[in-house]
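Working notes, structure below.
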Amino acid sequence: MLNSSECHRVAHERLREKQEMANREHEMRIQLVLNEIPRLKEIKDDLAQNMRDFTKFAFSGDRSEEKFKEYKARSLALQQERKELLKKYGYPENVFDEPYYCHLCKDQGYKDNKFCECFKRELSEVFLENSNLMKIYNDQTFEKYDLDYFLDEDGSQGKSYMMMKKIFDYLKLYAESFRASSNHLLFMGAPGCGKSFLSCAVACEVIHNGGFVYYSPVQDMVAQFEAEHFGNDKSVDTSVYKDCDLLIIDDLGTEFKTQFTDSVLYNVINDRINMKKPMIISTNFTLDELKETYHDRLCSRLINEFLNIQFVDRDIRQLKKVRKSQKNRGK
């Protein structure tokens, strides 16, 4: 598992590889054109020689206007001949231009002191690969979220639909404007109501915008800390739980409860609160069940430091099965 700085390094390497590939493909195209039109090679050499001669002239101290015009006229004539030949053989005029994988930033990776889209695409892929989201990621984006599951039986947009629409709109805005000062979110609701889906949707949007997200079911998180604390596996590294820009802890309450697990949960949550690094935690528990299960210090942070988002009790998984069954019967 890579940390944030390592992800940036890998993204830079991947972008550089694509730039080098674009250069190689450009050189191959140039060679094909020159093989097909041998005169172009002569023009290319003549232009280079004309530039060398002009450079010598410029530094010789000779200020002859006539010679200057000669060099310029020769260059323009050669360029015009090249243009006509390329047109004749069906090639674009810019076939010899400097090759760029990304013309927006000219392969710098930055534009206007910000990451260019070409680098953000590479970084998003690396972040996603190292986010631990791949196990649940299946196009679970805002665009794929279907609010129709919350329509009333008669198809109208009732209270349930409007509540989930409000949650959906808030989370979309949250993801698009995500920053270090963003709220900690506590997703609460019954199994199958869409908590994990919308967690993933938020994560994907934050990643797309250049943020490092780490997702972990609570049981996996505890297992990693146990392996680090009690095991001999030196490869286990739990620093990602502090380092990532957004931490998503799924299914709080499904972990095997011990003094150690309580300590892990409290330390991770408390540390990130103190560092002002946002979290999304999902649970099937109600507030009363959280209070019954966890000690006061942890409950205090979950209740007072997190924005509680109560999902509508609707089993989307079951509704999807019903939809699929109805669709199959209709064939």
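This is a predicted model, so every value here is computed, not measured.
A 4.5 Å side-chain heavy-atom check between Leu302 and Leu252 finds at least one atom pair inside the cut-off. Between Tyr214 and Leu133 the shortest side-chain heavy-atom distance does not fall below 4.5 Å. Looking at heavy atoms from C-beta onward, Val33 lies in side-chain contact with Leu86 at the 4.5 angstrom threshold. Proximity of Leu123 to Phe212: side-chain heavy atoms (C-beta onward) are nowhere separated by under 4.5 Å. Looking at Val213 and Leu247, their side chains never come closer than 4.5 Å, going by heavy atoms from C-beta outward. Residues Lys172 and Glu205 are not in side-chain contact: their nearest non-hydrogen atoms beyond the backbone lie 4.5 Å or more apart. The shortest distance between side-chain heavy atoms of Tyr174 and Asp169 does not fall below 4.5 Å. Side-chain contact between Leu198 and Ile309: absent, with no pair of heavy atoms (C-beta onward) separated by less than 4.5 Å.
Between His8 and Phe119, the ring-plane angle classifies as tilted under the 30° and 60° cut-offs.
Side-chain contact check for Tyr170 and Asn183: at least one donor-acceptor pair (N or O, by modelled atom type) lies under 3.5 Å. For the 3.5 Å distance criterion, the side chains of Thr286 and Asp288 fail to qualify, holding no donor opposite an acceptor. Side chains of Asp45 and Gln49: no donor on one and acceptor on the other come within 3.5 Å. With 3.5 Å as the limit, one finds no donor-acceptor pair spanning the side chains of Tyr145 and Gln140. With 3.5 Å as the limit, one finds no donor-acceptor pair spanning the side chains of Asp220 and Ser216. Between the side chains of Gln19 and Arg16, no donor-acceptor pair of N or O atoms lies under 3.5 Å. Side-chain atoms of Gln259 and Ser263 include no donor-acceptor pair closer than 3.5 Å. A side-chain N or O of Ser282 and one of Asp250 form a donor-acceptor pair less than 3.5 Å apart.
Under the 4.5 Å side-chain heavy-atom criterion for Ile, Leu, Val, Met, Phe, Trp and Tyr, Ile280 and Met275 are members of distinct hydrophobic clusters.
How far CD1 of Ile269 is from CZ of Phe306: 5.0 Å, rounded to the nearest 0.5 Å. The structure places NZ of Lys159 at 14.0 Å from CE of Met164, a figure rounded to the nearest 0.5 Å. To the nearest 0.5 Å, atom OG of residue Ser75 and atom CG of residue Asp53 are 12.0 Å apart. The structure places CG of Asn308 at 10.0 Å from CG of Leu185, a figure rounded to the nearest 0.5 Å. Interatomic distance, Tyr161 OH to Ser156 OG, rounded to the nearest 0.5 Å: 11.0 Å. The distance from the CD1 atom of Ile249 to the OH atom of Tyr215 is 11.0 Å, given to the nearest 0.5 Å.
The two atoms that bring Gly253 and Glu255 nearest to each other are N-OE1, 2.8 Å, heavy atoms only. Between Leu47 and Gln79, the closest heavy-atom pair is CD2-CG, 4.1 Å. In terms of heavy-atom proximity, Cys118 sits nearest to Cys105 at SG-SG, 3.6 Å. Counting all heavy atoms, side chain and backbone alike, Asn209 lies closest to Ala175 at ND2-O, 3.9 Å. When all heavy atoms are compared, the tightest approach of Pro191 to Asn284 is CG-ND2, 3.6 Å.
Between the side chain of Thr293 and the backbone N or O of Glu289, at least one donor-acceptor pair lies under 3.5 Å. When atom types are taken as modelled, the side chain of Lys291 and the backbone of Cys299 share no donor-acceptor pair closer than 3.5 angstrom. No donor-acceptor pair closer than 3.5 Å links the side chain of Asp152 to the backbone N or O of Asp154. Listed for the Lys195 side chain is a donor-acceptor partner under 3.5 Å among the backbone atoms of Ala190. Side-chain N or O atoms of Asn130 include one that pairs as donor or acceptor with a backbone N or O of Val126 at under 3.5 Å. No side-chain donor-acceptor contact under 3.5 Å links Lys18 to the backbone of Tyr101. Not one N or O on the side chain of His184 forms a donor-acceptor pair closer than 3.5 Å with the backbone of Glu305. Although no hydrogens or angles enter the test, the distance criterion places no donor-acceptor pair under 3.5 Å between the side chain of Gln224 and the main chain of Val222. Of the possible polar contacts, one joining the Thr55 side chain to the Met51 backbone as a donor-acceptor pair under 3.5 Å is found.
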Original post:
What's the verdict on side chain to side chain donor-acceptor pair (under 3.5 Å) for Ser300 and Asp296, showing C-alpha distance, side-chain angles and the deciding distance?
Top reply: CA-CA 6 Å; Ser300 173; Asp296 291 344; over 6 Å; no
Original post:
Stepwise, does the ring-ring contact (aromatic ring centres under 6.0 Å, His included) test hold for Phe57 with Phe68?
Top reply: CA-CA 8 Å; Phe57 161 73; Phe68 173 80; 7.2 Å; no
Original post:
Can you list the steps and then say if Glu129 with Arg14 is a salt bridge (charged side-chain N to carboxylate O under 4.0 Å, His left out)?
Top reply: CA-CA 14 Å; Glu129 291 164 9; Arg14 290 185 183 180; 2.9 Å; yes
**OP:** Let me see the working for Thr283 and Asp251 under side-chain contact (heavy atoms from CB on, under 4.5 Å), right down to the final yes or no.
**Re:** CA-CA 5 Å; Thr283 180; Asp251 284 334; over 6 Å; no
**OP:** Could you give me the CA-CA distance, side-chain angles and deciding distance for Arg272 and Cys244, then say whether side-chain contact (heavy atoms from CB on, under 4.5 Å) is met?
**Re:** CA-CA 10 Å; Arg272 288 191 64 89; Cys244 62; 3.5 Å; yes
Original post:
Can you list the steps and then say if Tyr91 with Glu36 is a side chain to side chain donor-acceptor pair (under 3.5 Å)?
Top reply: CA-CA 11 Å; Tyr91 289 104; Glu36 185 178 357; 2.4 Å; yes
Subject >> Worked check of side-chain contact (heavy atoms from CB on, under 4.5 Å) between Met28 and Leu32 >> reply: CA-CA 6 Å; Met28 289 174 63; Leu32 287 172; 5.5 Å; no
**OP:** Could you walk me through whether Glu93 and Lys87 pass side-chain contact (heavy atoms from CB on, under 4.5 Å), step by step?
**Re:** CA-CA 7 Å; Glu93 291 181 26; Lys87 184 177 180 181; over 6 Å; no
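Salt bridge present: Glu117 and Lys120 bring a charged side-chain N and a carboxylate O closer than 4.0 Å. Salt bridge annotation for Glu13-Arg9: present, with a cationic side-chain nitrogen under 4.0 angstrom from a carboxylate oxygen. Under a 4.0 Å N-O distance rule, the pair Glu70/Lys67 does not qualify as a salt bridge. Between Asp262 and Lys257 there is a salt bridge, with a side-chain nitrogen of the basic residue lying less than 4.0 Å from a carboxylate oxygen of the acidic one.
When each of Arg82, Lys88, Gln80 is tested with Glu84 by the rule side-chain hydrogen bond (donor to acceptor under 3.5 Å, both in side chains), just one qualifies, namely Gln80.
With ring centers used as reference points, Tyr241 lies under 6.0 Å from Phe225. Checked against the 6.0 Å centroid threshold, Phe127 and His208 do not count as a close aromatic pair.
A cation-pi arrangement, defined by a distance under 6.0 Å to the six-membered ring centre and an angle within 45 degrees of its axis, is present between Arg297 and Tyr266.
Other residues, nucleotides and ligands contribute only 12 or fewer heavy atoms inside 6.0 Å of the NZ atom of Lys44.
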